[in-house]
Amino acid sequence: MNELLGKLAACIEFGKVNLASPYPPHMKDQEGADEITRRALDGGVDPQDILYFGLMPGMERVGIKFRENRVFVPQVLMSARAMSTAMLHLKPYFLSGAARQKGTYIIGTVLGDLHDIGKNLVAMMVEGNGYKVVDLGTDVNSEKFIAAIKENTGAVVGLSALLTTTMVNMQHITSEIKKAVPETLVTIGGAPVNHDFCKKIGADFYAPDPQGVVEFLNKK
Amino acid sequence: MMNREFNFRLDELVIDQQEVAAVLGYDEGPLPEPFDSYLEQAMDESFGLTDIRAAYRIVDDIMVNEKEHLLMACGLAFKVGKTVCGELKGSQRLAFFICSAGKTISEKAEKLLKGEDPVLGYVYNVVGNAIAEAAGNRMQLFLKQAMEKSGDLITNRYSPGYCHWNVADQHKLFSLFPDSTCGVSLTSSALMQPVKSISGVIGIGRNVKYRAYPCELCSAANCIYRRTMHH
């Protein structure tokens, strides 16, 4: 079992989607996340173990390498693609309750901003680390965030912005969220924001990279 | 007042593929597989684009109010902020502009990103940005050449959403142009559609300055363009 899950973790880390995928070159003609996940399930491996000991370690390694500038956005997207392929096999088990995710993370780019690459990377990384992700997309107002929080009790929220002029909308959205559902934890991220801004607007956590969000969620 | 519109082909634009590779993250050495072929595919396909467009409108009814960080043009007050106001100081005229890489590549990138191949979608996304900026560079070059004839200089271009210029001013900026100029429209929250579009203003005058390194003006320390793009 360990060997299979170790191989699966490597597929996620290096973005090996399936047997047909030529990427990465050093794994050409090898099985990918698709076949290995299927084989693990057919062989009776607990779906929870596949998530915890196959997918999550692989995604964690990608997150750390991205933080350290050892891999870049395209490679992270490739890993996320491998992970999504594996998750398709696990989805029925999450729906039936046979396997459980660690919690829910609601994410969106704030009102007036359509930049979504950073937001998507965080969403992929968080999902790959065992959380259900509700992605509200871009140009999201406080009403949409609050509606999603009410539908997903206990969820943590992530606000993303790229522009100095839209980061100010984080303050209003955070304040409205805290007013509507005070116990909600709000994380923020994006090029113009920092820890001081996070404190100033009353948010709970600022992460400069996707792995930081994962570490925050794992600690809470 | 003077208006000009351009329809560009990709082979008329200068796109440095090394810069594109750097934005993708690979600023040293060749792009690894399969991203090299993805970039080649996105560039090859972009040579067929027919909707890369740019337009500028020059207005002379202007005032740069440094005290209140306002730019007045055609009776409209633009809250451009201290930085942009300072950069446009000395302008005798202003050129407002809209440029777009077009609907085709914007939609292609979006569709791939949300669907069958997010990695290829990301490459199209970066190429789309590069095309919009390259169209902006070409338009800016034509503007510079036109202004030189009367002995005027131009500044860099500045856009709502950056350097603390409120993005809501897009509505005022677009009101200076006929509807759907360059095929670009605004959402109610001032976002441009197609997404691979840029808009903004350029100062014109005898005593304005062009900055070789405009990134010094911006506080976004983590911006991926900081090291790679100059305009």
Side-chain angles (χ1 to χ4, degrees), chain A residues 14-15 17 21-28 65-66 69-85 109-121 123-124 135 137-141 161-169 189-194 197 207-209, chain B residues 21-28 31-39 79-81 83 106 109-110 112-114 116-123 125-126 129 159-170 187-197 218-226:
Chain A
F14 296 105
V17 177
S21 167
Y23 180 84
H26 77 274
M27 293 174 87
K28 202 174 173 186
K65 287 202 275 189
F66 184 62
N69 288 325
R70 289 191 285 139
V71 295
F72 304 104
V73 175
Q75 285 154 301
V76 177
L77 290 172
M78 207 59 114
S79 291
R81 198 174 165 202
M83 189 210 60
S84 305
T85 308
T109 304
V110 299
L111 184 71
D113 203 324
L114 51 69
H115 297 89
D116 62 357
I117 297 295
K119 185 262 299 169
N120 292 346
L121 287 176
M124 289 164 183
D135 187 345
T138 59
D139 194 20
V140 184
N141 60 25
L162 183 84
L163 305 174
T164 52
T165 48
T166 54
M167 68 188 243
V168 292
N169 294 337
V193 302
N194 57 28
F197 180 74
D209 55 63
Chain B
V23 174
L24 287 169
Y26 306 92
D27 51 3
E28 285 171 20
L31 264 178
E33 284 181 51
F35 312 121
D36 52 352
S37 54
Y38 276 13
L39 179 56
K79 295 175 186 168
V80 295
T83 307
S106 299
E110 187 79 2
L112 285 165
L113 269 167
K114 288 186 176 159
E116 62 193 74
D117 194 343
V119 186
L120 184 57
Y122 179 65
V123 174
N125 185 66
V126 171
N129 288 340
S159 298
Y162 295 88
C163 296
H164 304 284
W165 182 359
N166 197 320
V167 77
D169 271 358
Q170 289 274 39
T187 67
S188 57
S189 49
L191 301 177
M192 287 181 283
Q193 300 287 344
V195 292
K196 298 298 160 206
S197 303
C218 179
S219 57
N222 298 324
C223 175
I224 53 173
Y225 295 106
R226 182 168 277 268

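Chain naming here is simple, since letters A, B, ... match the order of the sequence lines and numbering starts at 1 in each. Keep in mind the model is a prediction, meaning the values are calculated, not measured.
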**Prompt:** Between CZ of A:Phe72 and CG of B:Leu31, what distance do you get to the nearest 0.5 Å?
**Reply:**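 If we round to the nearest 0.5 Å, A:Phe72:CZ and B:Leu31:CG are 10.5 Å apart.
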**Prompt:** Got a second to check how far A:Asp135's CG is from B:Lys114's NZ, nearest 0.5 Å?
**Reply:**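 If I round to the nearest 0.5 Å, the distance is 8.5 Å.
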**Among the listed options A:Ile117, A:Asn141, A:Thr166, the residue most often paired with chain B at heavy-atom distances under 4.5 Å** =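 Of the options given, most contacts go to A:Ile117.
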Pick one of side chain, backbone, both or neither for [X], based on which atoms fall under 4.5 Å of a heavy atom in chain B.
X: A:Asp113; result: backbone
X: A:Pro25; result: side chain
X: A:Leu114; result: both

Between [options], which shows the greatest number of heavy-atom pairs under 4.5 Å with chain A?
options: B:Val123, B:Val195, B:Val167; result: B:Val167
options: B:Pro160, B:Pro118, B:Pro34; result: B:Pro34
options: B:Leu113, B:Thr187, B:Asn125, B:Asp117; result: B:Asp117

**Message:** Measuring only between side-chain heavy atoms, which start at C-beta, is B:Tyr122 closer than 4.5 Å to A:Met78?
**Reply:**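 Not in contact.
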Closest non-hydrogen atom pair, [X] against [Y]:
X: A:Pro74; Y: B:Tyr26; value: CG-CE1, 3.9 Å
X: B:Gly161; Y: A:Leu163; value: O-CB, 3.4 Å
X: B:Glu33; Y: A:Tyr23; value: O-CE1, 3.0 Å

**Message:** Looking at B:Lys79, I'd like to know if its NZ atom is crowded, meaning that more than 12 non-hydrogen atoms belonging to other residues, nucleotides or ligands lie closer than 6.0 Å.
**Reply:**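 No, not enclosed.
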